[in-house]
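Read through the structure below, which is laid out as structure tokens, and then see the notes.
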Amino acid sequence: MRGAKPIRRKKVSEEIVEEIKRWIEQGELPLDSKLPSEKELSDIFGVSRSSIREALSMLAAARIIETRQGEGTFVRKVDLSDYIHPLALSIVAKKEQTLHLLETRKIIELGTAELAALRADQRDLKEMKKALIEFEYQLEIGETGVDADFAFHRAIAIATKNPVLVQVIDNLSPVMKQSLDYTLYQNMGNAAKRKSVLQEHQEIFACIEKRDAQGAVASMRRHLENVKQKLLELKE
């Protein structure tokens with residue numbers, strides 16, 4: 001986009017948010033227009049795709065943009081007067097904040113795993129399997145796999161047949177995706193760790209598929225505890 005300059009400031013994602021907001025306000029990105037891809041935005045700003053994803057998550061949480069399956073990301077708002085400042089969204093790409101979110105996820109997702117094992121139908125299992133296949137593919141091509149990872153956990157929530165649980169996961173999605181991106185990024189370059197995450201997901205799925213509620217809970221607990229342990233081992 002015209003006038004964009006590489007971002008070199010401390011809070012990179014916030015600067016990107018402000019610049020995209022400016023594009024919208026000045027009409028360079030009109031209502032319902034499609035945003036450049038993550039790669040294109042990364043090239044425009046001269047930053048990592050991780051920073052771009054953080055910025056897009058903040059804009060999505062502020063209901064300024066929306067992602068349409070198979071189409072891309074589009075501007076969804078004209079009036080930016082009620083824009084949520086990114087500081088209020090509390091970026092979770094920090095160990096302590098991510099650990100707090102993991103505690104929250106543990107409270108919620110042990111229950112969703114149990115209910116999913118009891119209530120999942122063939123459509124639910126198909127969606128979980130689809131997310132696992134996509135996650136494996138993303139790992140093979142060198143991506144973090146954050147979207148497929150989130151899709152897997154959301155599919156489990158949907159399988160509970162409890163719309164409130166699905167809404168909770170959806171409400172958490174911006175920070176949850178940032179957290180997943182942060183934790184999965186730590187595994188980049190380590191094939192064993194990346195494979196272990198996939199295997200943990202596959203174990204959860206296997207238990208749900210067998211309608212083993214206790215096994216699903218135990219597998220989900222191991223998965224989240226392993227994520228926590230890896231975070232605790234990271235240097236500040």
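Numbering starts at 1 and runs along the sequence shown.
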When you check the gap from the basic side-chain N to the acidic O, do R221 and E225 get nearer than 4.0 Å?
-> no
Salt bridge between R22 and E19, side-chain N to carboxylate O under 4.0 Å?
-> yes
Between the side chain of S42 and the main-chain N/O of V47, is any donor-acceptor distance below 3.5 Å?
-> yes
Is I64 linked to I44 within one hydrophobic cluster, defined over Ile, Leu, Val, Met, Phe, Trp and Tyr using a side-chain heavy-atom separation of less than 4.5 Å?
-> yes
Main-chain N/O of A120 paired to R211 side chain as donor or acceptor, under 3.5 Å = yes
Indicate whether the side chain of E134 and that of Q138 have a donor and an acceptor atom separated by less than 3.5 Å.
-> yes
Any donor and acceptor pair, going by atom type alone, linking the side chain of K34 with main-chain N or O of V75 inside 3.5 Å?
-> no
What's the spacing between F45 CZ and I20 CD1 if we round to 0.5 Å?
-> 5.0 Å
Give a yes-or-no answer on whether the side chains of S50 and R53 include a donor-acceptor pair shorter than 3.5 Å.
-> no
State whether the side chain of E40 and the backbone N or O of S37 hold a donor-acceptor pair below 3.5 Å, judged by distance alone.
-> yes
Return the set of residues passing ring pair (Phe, Tyr, Trp, His ring centres under 6.0 Å) with F150 (not counting sequence neighbours), or none when no residue passes.
-> none
Salt bridge D170-R154, side-chain N to carboxylate O under 4.0 Å | yes
Got more than 12 heavy atoms from elsewhere within 6.0 Å of CD, Q122?
-> no
Is the backbone of E66 close enough, under 3.5 Å, to the side chain of R76 for a donor and an acceptor to pair up by distance?
-> no
Measure across V166 and A157 and return the closest heavy-atom pair with its distance rounded to 0.1 Å.
-> CG2-O, 3.6 Å
So ring-ring contact (aromatic ring centres under 6.0 Å, His included) across residues 99-126, not counting sequence neighbours, yields none
Modelled atom types, side-chain donor and acceptor of T98 and K228, under 3.5 Å | no
K177 and E54 ion-paired at < 4.0 Å = no
